[in-house]
Structures are given as structure tokens and as C-alpha cells.
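Comments concern the structure below.
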Amino acid sequence: MRVSFYTLGCKVNQNETGALEQLFLRRGYTLAADGEAADVYVVNSCTVTAGGDKKSRQWLRRAKRQNPGAVTVMAGCYPQAFPEEAAGLEEADVVVGNVGRAAMLEDIQKALDSGERVVDIRAHEKGERFEELPMENFEGHTRAFIKVQDGWDRRCAYCVIPRARGASRSRSEESVVQELTALAAAGYKEVVLSGINLPSYGKDTGTDLVSLIEAAARVDGIERIRLGSLEPDLLSDEAIARMAAVKELCPQFHLSLQSGCTTTLRRMRRVYTAEEYARVVEKLRAAFGGFASFTTDVIVGFPGETEDEFAESLDFVCRQKFLKVHVFPYSRRAGTPAADFPGQLTEAQKADRVHRLQTAADEVRGALAREMLGTEDTVLLEKAVSGSIFTGYTRLYLPVAVKAPGAAAGQIVTARLTEWDGERARAEAL
């Protein structure tokens with residue numbers, strides 16, 4: 001039996017797909033190669049935007065049309081957030097959510113045995129515990145992604161994630177360290193700690209994210225630690241100081257912004273101002289001696305956003321000097337407060353603002369990259385592209401092509417940045 005996965009969305013989704021792949025392999029399945037027909041097709045969906053739902057449905061319908069005898073599975077955030085809509089998708093033979101993912105195998109077997117559809121969308125419950133789906137390897141990857149937290153307790157005006165993911169819950173530190181130890185023994189030198197709301201890690205188990213970072217750094221063989229998305233208001237002065245003391249922690253931070261205009265942030269029901277956000281960036285830069293980089297997400301075209309508010313947000317984003325900005329048009333999601341807000345913008349207005357902000361952010365990215373030329377940083381070699389040339393990322397998460405004769409993928413080398421081609425830096429291993 002061959003299985004094929006299609007994954008949309010965040011690093012947590014990517015991690016969960018990897019864990020599901022290993023569950024299928026242990027059950028005797030093989031993973032279908034790209035373009036190879038499969039017996040089972042699984043969509044691990046993302047429902048942050050309506051576009052994500054649309055892509056999930058399109059891929060599933062195409063898989064069913066091209067392989068009518070296969071079992072098709074719609075899984076993840078879309079069914080969990082919109083169960084009735086997902087359950088009505090006729091092309092899906094199995095529909096499951098985010099609760100009890102391991103039961104997907106049994107649901108698929110039921111569909112195979114009976115030939116009937118199986119809808120198994122279980123509700124999130126109060127006191128729900130973190131579901132352990134440990135990873136043993138990351139085929140084709142030189143860094144390991146570790147899911148340590150799930151769920152979201154906040155209620156932003158535009159967001160369906162609380163419905164899709166439930167309340168915040170944490171994986172035990174002992175379990176995380178065990179997995180890190182196994183991954184280090186398998187040769188992984190860099191790990192990424194990920195979660196739906198990573199800074200809330202440990203609030204339900206009596207610990208905190210920085211303690212987990214410190215524990216990860218004590219695992220022999222782990223040389224670099226990265227963090228998933230962070231909420232700026234949850235980074236205290238003490239947390240920042242402790243993080244800066246961990247030499248294995250890469251000083252690259254994805255700080256969720258959403259808007260650089262405080263008025264818009266208030267309508268979004270975010271819990272910080274633009275000025276408070278900027279102070280957190282300043283504190284992190286200072287704690288790491290100026291050697292830090294920042295990436296973020298920004299929503300444009302939120303209901304009621306005026307041209308002046310958009311311009312304020314654009315100016316703020318440029319002044320923060322982000323290394324990379326992901327710009328999204330506001331997506332109207334049923335069941336969220338913002339869906340009924342007045343002042344809904346047209347798709348054309350939102351597309352125009354996406355283009356303008358992304359263009360400005362990309363110009364800042366290029367300027368920052370050029371400022372780094374001539375400096376040295378370590379690079380995790382990820383993929384050999386030709387001869388002794390490898391692609392990879394610096395500690396600051398700048399993409400590079402490194403000339404490293406005699407090296408191999410998975411190694412970490414020190415390199416000097418020499419040129420920026422608009423996509424990645426050129427570098428020479430020292």
C-alpha cells in the first residue's frame with residue numbers, strides 16, 4: 001500500500017505530517033514518490049485563510065479524479081474548524097480533524113474494508129492533553145522540527161485557530177529531551193522547536209519555554225536551536241536575558257506582528273501596540289550584541305484599514321529592518337468577529353497593498369543582506385547542488401550557497417559572505 005501526503009500551512013503541520021508518515025511506515029505502507037500513484041491520499045489542511053481551504057479541496061478533488069479507486073483523506077485544521085463543511089466534501093472518503101490523529105489509520109482501514117465514507121471529527125475537550133506523535137527521522141532534511149506545544153488561548157478578531165487547535169497544551173520536557181537525544185544520535189545538529197503558540201509552552205506543566213531551550217542545549221550533539229513563531233508580549237526581560245545566555249540558540253526570531261499600526265492592532269484585538277513591539281525588538285537586538293535578525297507576518301486590508309493606517313504599518317515594517325516579511329491579505333473567516341466588521345476592503349484593494357508592502361519589505365531584505373557581505377557566520381549545509389557547492393542557512397537565517405570542498409550535507413561550517421544575487425548570498429567556507 002502506497003500513501004501520498006499533501007501538506008499546507010505552518011511548521012507544526014509539516015511536523016505532524018512527518019510523524020504521520022512514520023506511523024504509516026510502521027503499519028507497512030510505503031511513501032509514494034512524486035508523480036507516483038498511491039492507494040491512499042492524505043491532505044493535511046490549513047484553514048488560516050479561505051485560500052488554504054480552497055487549495056485543500058482542489059488537491060483532494062484532483063487526487064480523486066485521477067485515482068478514483070484510491071482512499072482520499074481530508075485531515076487537520078479545516079475539518080476541525082469547519083466540520084460540517086468538510087464532512088460534506090463528497091470526494092473525501094475519510095474526514096478527520098486534529099484530535100486523535102493516530103486513529104486515522106483505523107479510519108482508513110474501515111473505509112478500505114467497508115467501501116463506505118468515514119467521518120471521525122472529534123471535538124476538543126477541556127483538559128485535553130498534548131498528543132504524542134514523536135519523530136524518529138526527517139527524511140530529506142538536515143534540521144529536525146520538534147513540536148512541543150499545541151493550541152491557542154487567545155481570541156484575535158480574525159482568527160479561527162482556537163477552533164482548529166483547541167486550548168494551549170504542552171509536551172513534557174522529558175519527552176522532548178528524549179526525542180532530541182535520539183535525533184542527535186542520528187546526526188542532526190540543528191533543531192527547531194515549534195508550536196501553535198510557542199511562548200505559552202509550559203504554562204500547563206509548571207515550566208516555561210526558556211527552560212526547555214536550556215534543556216535542549218544540554219543535549220550532546222545539538223549545536224543549533226531555532227524557535228518557531230513568538231508572540232512579542234510574552235517575552236519578558238528575564239526570558240530575553242536567559243535566551244541570550246544560550247550559545248546554541250540561533251539569534252533569529254520570528255516575531256508575529258500582523259500590523260505596524262496600533263489602531264489596526266486594536267481592531268484586530270492584539271494585545272500589544274506597535275511601540276511595545278518595537279521595544280521588544282530593541283531588547284532582543286541589545287541582548288544579542290546587535291547580532292540578531294527578525295522575520296514576521298503582516299496582514300493588510302483588515303476591515304476598516306484606511307490608506308493612512310496602511311502607510312503607517314508599511315513605514316513601521318521598513319523601520320524594523322526585518323530580514324523577511326510574509327505579507328497576507330486579510331481573509332474573511334466565518335464565525336470570527338472580524339467577518340462582520342464594517343469597512344471590508346475589496347480583493348483588488350488588498351492585492352494592491354500586499355504588492356506595495358511586499359515590495360518595500362523585499363528592498364529592506366536586500367539592503368540587509370548586502371550589509372552582511374564580508375562578515376562571517378556558521379552555515380548548516382543542507383543540499384549539494386553541484387560539486388562542492390551547498391545551499392544552507394546562516395545562524396541569522398540568511399539563505400546562502402557555500403563553496404565547501406570536502407564537506408557533506410548536515411555539517412556546520414564557518415563561511416564568509418561574498419555576494420548577494422537577490423535570492424541568496426554566495427559564501428566561501430573558511
Side-chain angles (χ1 to χ4, degrees), residues 3-23 41-63 72-83 85-86 89 92 94-101 104 121 124 130-131 133 135 138 140-141 143-152 154 156 158-166 168-169 171 192-198 200 226-231 254-258 295-299 324-336 354:
V3 59
S4 176
F5 287 87
Y6 178 68
T7 307
L8 295 97
C10 63
K11 287 183 173 63
V12 172
N13 268 17
Q14 301 290 336
N15 176 275
E16 289 167 349
T17 292
L20 288 169
E21 287 176 349
Q22 292 182 32
L23 286 177
Y41 290 86
V42 180
V43 177
N44 191 4
S45 62
C46 172
T47 196
V48 169
T49 67
D53 293 347
K54 182 179 179 180
K55 287 180 181 178
S56 297
R57 294 191 296 265
Q58 287 175 334
W59 191 88
L60 193 80
R61 287 167 176 157
R62 183 167 59 250
T72 49
V73 183
M74 179 63 78
C77 290
Y78 172 42
Q80 194 70 48
F82 301 100
E85 184 177 319
L89 188 62
V94 177
V95 185
V96 296
N98 283 326
V99 181
R101 293 177 187 82
M104 182 191 300
I121 306 172
H124 287 293
F130 185 92
E131 183 182 12
L133 289 172
M135 296 280 285
F138 293 79
H141 294 276
R143 66 166 60 91
F145 294 85
I146 313 298
K147 179 186 170 185
V148 303
Q149 182 274 340
D150 205 345
W152 189 267
R154 293 182 167 177
C156 299
Y158 52 81
C159 189
V160 297
I161 295 305
R163 290 163 53 180
R165 289 286 177 171
S168 180
R169 53 206 183 274
R171 185 176 179 182
V192 183
L193 305 181
S194 63
I196 299 299
N197 185 11
L198 190 59
S200 68
R226 291 192 189 276
L227 303 177
S229 182
L230 302 171
E231 291 290 296
H254 187 90
L255 286 181
S256 180
L257 175 60
Q258 309 311 348
T295 58
T296 198
D297 302 310
V298 178
I299 297 171
K324 190 172 181 63
V325 180
H326 300 276
V327 184
F328 300 93
Y330 164 72
S331 181
R332 198 172 188 175
R333 310 300 284 135
T336 63
V354 167

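All of these numbers come straight from a predicted model, not from anything done at the bench. Excluded from the calculations below are hydrogen atoms, water molecules and symmetry mates; all remaining heavy atoms, backbone and side chain alike, are included.
With sequence neighbours left out, the side chain to side chain donor-acceptor pair (under 3.5 Å) criterion links Asn197 to no other residue. By the side chain to side chain donor-acceptor pair (under 3.5 Å) test, Ser168 pairs with Gln149, Ser200, sequence neighbours left out. Applying the ring pair (Phe, Tyr, Trp, His ring centres under 6.0 Å) rule to Phe5 yields the partners Phe24; only residues at least two apart in sequence or on another chain are considered. Under the side chain to side chain donor-acceptor pair (under 3.5 Å) criterion, Arg154 pairs with Glu231, Asp233, sequence neighbours left out. For Gln58, there are no side chain to side chain donor-acceptor pair (under 3.5 Å) partners two or more places apart in sequence or in a different chain. Under the rule for a side chain to side chain contact (heavy atoms under 4.5 Å, CB included), the partners of Phe328 that lie at least two apart in sequence or sit in another chain are Asp297, His326. With sequence neighbours left out, Val48 forms a side chain to side chain contact (heavy atoms under 4.5 Å, CB included) with Cys46, Ile161. The salt bridge (charged side-chain N to carboxylate O under 4.0 Å, His left out) search around Asp150 returns Arg101, Lys147, Arg165, Arg169, not counting sequence neighbours. Listed by chain and residue number, Thr296, Val298, Val317, Phe322, Val327, Ala361 satisfy the side chain to side chain contact (heavy atoms under 4.5 Å, CB included) test with Val325 (two or more places apart in sequence, or in another chain). Listed by chain and residue number, Ala32, Ala38, Tyr41, Trp59 satisfy the side chain to side chain contact (heavy atoms under 4.5 Å, CB included) test with Ser4 (two or more places apart in sequence, or in another chain).
Side-chain contact between Val96 and Pro79 is absent, with no heavy-atom pair separated by less than 4.5 Å. The closest side-chain heavy-atom distance from Leu89 to Arg61 is below 4.5 Å. Two residues are said to be in side-chain contact when any heavy atoms from C-beta on lie closer than 4.5 Å; Leu8 and Val43 meet this criterion.
Side-chain contact check for Thr7 and Thr17: at least one donor-acceptor pair (N or O, by modelled atom type) lies under 3.5 Å.
Remark: the backbone N or O of Ser45 is not paired with any side-chain donor or acceptor of Ser56 at under 3.5 angstrom.
Contact detail for His124 and Ala164: the closest heavy-atom pair is NE2-O, 3.2 Å. Shortest non-hydrogen contact noted between Ala92 and Met74 is CB-CB, 4.1 Å. Counting all heavy atoms, side chain and backbone alike, Ala75 lies closest to Met104 at CB-CE, 3.8 Å. Taking every heavy atom of both residues into account, Ser331 and Thr49 meet most closely at OG-CA, 3.5 Å. Nearest heavy-atom pair across Cys77 and Asn13 is SG-OD1, 4.5 Å. Residues Glu85 and Tyr78 share a closest heavy-atom pair of OE2-OH, 2.7 Å.
Rounding to the nearest 0.5 Å places NE2 of His254 at 10.5 Å from NZ of Lys324. To the nearest 0.5 angstrom, Ile299 atom CD1 is 9.0 Å from Tyr330 atom OH. Note that CD1 of Ile146 and CG of Leu193 are 7.5 Å apart. Values are rounded to the nearest 0.5 Å. Ser194 OG to Glu16 CD: the interatomic distance, rounded to the nearest 0.5 Å, is 8.5 Å. Here Ser229 contributes atom OG and Ile196 contributes atom CD1; the two are 9.5 Å apart, rounded to the nearest 0.5 Å.
For the pair Arg163 and Phe82, the cation sits on the ring face: its NZ or CZ lies under 6.0 Å from the ring centre, inside 45° of the axis.
Sequence neighbours left out, not one pair with a member in residues 72-82 passes salt bridge (charged side-chain N to carboxylate O under 4.0 Å, His left out).
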Could you give me the CA-CA distance, side-chain angles and deciding distance for Glu131 and Asn98, then say whether side chain to side chain contact (heavy atoms under 4.5 Å, CB included) is met?
CA-CA 10 Å; Glu131 183 182 12; Asn98 283 326; over 6 Å; no

